[in-house]
There are 2 protein chains.
Amino acid sequence: MEVMNNVENVKTQMRRGVLEYCILSILSKKDSYASSILSELKDARMIVVEGTIYPLLIRQKNQGLLTYRWEESPQGPPRKYYQITDKGRQALAEMDSAWQELVETIRLLREK
Amino acid sequence: MEVMNNVENVKTQMRRGVLEYCILSILSKKDSYASSILSELKDARMIVVEGTIYPLLIRQKNQGLLTYRWEESPQGPPRKYYQITDKGRQALAEMDSAWQELVETIRLLREK
DNA sequence: TTTATGTACTTTGCGATACAAGGTAATAAT
DNA sequence: ATTATTACCTTGTATCGCAAAGTACATAAA
């Protein structure tokens, strides 16, 4: 214990809470595959690693929020392209509400 | 499995990420004890339960973010009043930044 | 006095999940 | 053949929220 700095830990947990939300958001714009989603999240400073994202995509697929298809890659092994489903879009809409509610809650807690 | 609805699960995880932040925020305004903090969070629609908050307060105390003292209650058993430390206030400031950064990240991810 | 009620703190067991680390496999370049 | 790159997957570990049950104190009711 005490290996991880507390604030880093809290940051990790904050990210954790919105990871599924972010992935659905990315896939709502265009189909994509794990490595690409990973890069996009890294660019947005949402630090995630492979061991996190692969199981997460599989879970979301199992929940019916996503489907996938294999596609040849211009170079390298084939890619597993994920596509958001109607159920996924519905879930995304609910997450939008949940997120906004949380942001508002924190705003109130922090200001007064 | 499949006991919990997915969106509920995501809400839970979103809350999880900010719980420590909320508690430090509440204690930054005035000293308080677990049951009272619990009510305050419930009023703010941050659903938390005893089994979550007690260990969390103990963890924060062990990290030096809080101290505590016992105080008699007007009625009922004595209360364990927690007080935020300088280190706690510093952590809170860092969490403010982390939170705002996250809010901005999500805003960008969701809009474009 | 005994019992019930309300308040408050604590602990145990379980399930979920992020991460580190390592593994598998396909393609292209050397 | 070997190496590098890209891509996907799995295992072990630690953390942590929650449900549930337990302990303890004070006061009110039976």
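Each chain gets a letter, A, B and so on, in the order its sequence line appears, and its residues count up from 1.
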Asker: For E104(B), enumerate each residue passing the side chain to side chain donor-acceptor pair (under 3.5 Å) test, keeping only those at least two apart in sequence or located in another chain.
Answerer: R107(B)

Asker: Could you give the distance from CD (Q60(B)) to CD (Q63(B)), rounded to the nearest 0.5 Å?
Answerer: 7.0 Å

Asker: Which part of the nucleic acid does R15(B) contact within heavy-atom distance under 4.0 Å: base, sugar-phosphate only, or nothing?
Answerer: nothing

Asker: What nucleotide, of dC9(C), dT15(D), dA7(D), holds the atom closest to the side chain of Y54(A)?
Answerer: dA7(D)

Asker: With sequence neighbours excluded, what pairs up with Y54(A) under the side chain to side chain donor-acceptor pair (under 3.5 Å) test?
Answerer: none

Asker: Taking the minimum atom-to-atom distance to the side chain of S73(B), which one of dA8(C), dA18(C), dC8(D) wins?
Answerer: dA8(C)

Asker: Using a 6.0 Å cut-off, check whether atom CG of D86(B) has over 12 heavy atoms from anything other than its own residue.
Answerer: no

Asker: With L41(B) as reference, evaluate L19(B), T52(B), I47(B) under the side-chain contact (heavy atoms from CB on, under 4.5 Å) test and give the passing residue.
Answerer: L19(B)

Asker: On DNA chain D, compare the nucleotides closest to Q13(A) and A34(A); which residue's is nearer the 5' end?
Answerer: A34(A)

Asker: Distance check, rounded to the nearest 0.5 Å: M46(B) atom CE versus I37(B) atom CD1?
Answerer: 12.5 Å

Asker: Where the side chain of T85(A) meets the backbone of L65(A), is there a donor-acceptor pair that is under 3.5 Å apart?
Answerer: yes

Asker: I23(A) has an atom CD1; how far is it from atom P of dT17(C), in whole Å?
Answerer: 12 Å

Asker: Starting at atom CG of L38(A), determine the distance to atom P of dC19(C), rounded to an integer number of angstrom.
Answerer: 10 Å

Asker: Of the residues in residues 45-53 of chain A, which ones touch DNA chain D at a heavy-atom distance under 4.0 Å?
Answerer: E50(A), G51(A)

Asker: Using whole Å, report how far CZ of R16(A) lies from C1' of dA16(C).
Answerer: 9 Å

Asker: Verify the contact: side-chain N or O of N9(B) to OP1 or OP2 of dG15(C), cut-off strictly under 4.0 Å; return yes or no.
Answerer: no

Asker: Just report the end-to-end axis angle for the helix from dT1(C)-dA30(D) to dT30(C)-dA1(D), five pairs per end, to 10 degrees.
Answerer: 20°

Asker: So, do P74(A) and R79(A) sit near enough that their side-chain heavy atoms are less than 4.5 Å apart?
Answerer: yes

Asker: Distance check needed: dA7(D) C1' versus I58(A) CD1, whole Å only.
Answerer: 13 Å

Asker: Would you mind listing every salt bridge (charged side-chain N to carboxylate O under 4.0 Å, His left out) that reaches into residues 55-74 of chain A, with sequence neighbours excluded?
Answerer: D31(A)-R69(A), R69(A)-E71(A)

Asker: Scan nucleotides 24-30 of chain D against the protein and return all N/O pairs shorter than 3.5 Å with their distances rounded to 0.1 Å.
Answerer:
none

Asker: Can you check whether Y33(A) has a side-chain N or O nearer than 4.0 Å to OP1 or OP2 of dC8(D)?
Answerer: no

Asker: Strictly below 4.0 Å: does R59(A) bring a side-chain N or O up to OP1 or OP2 of dT17(C)?
Answerer: yes

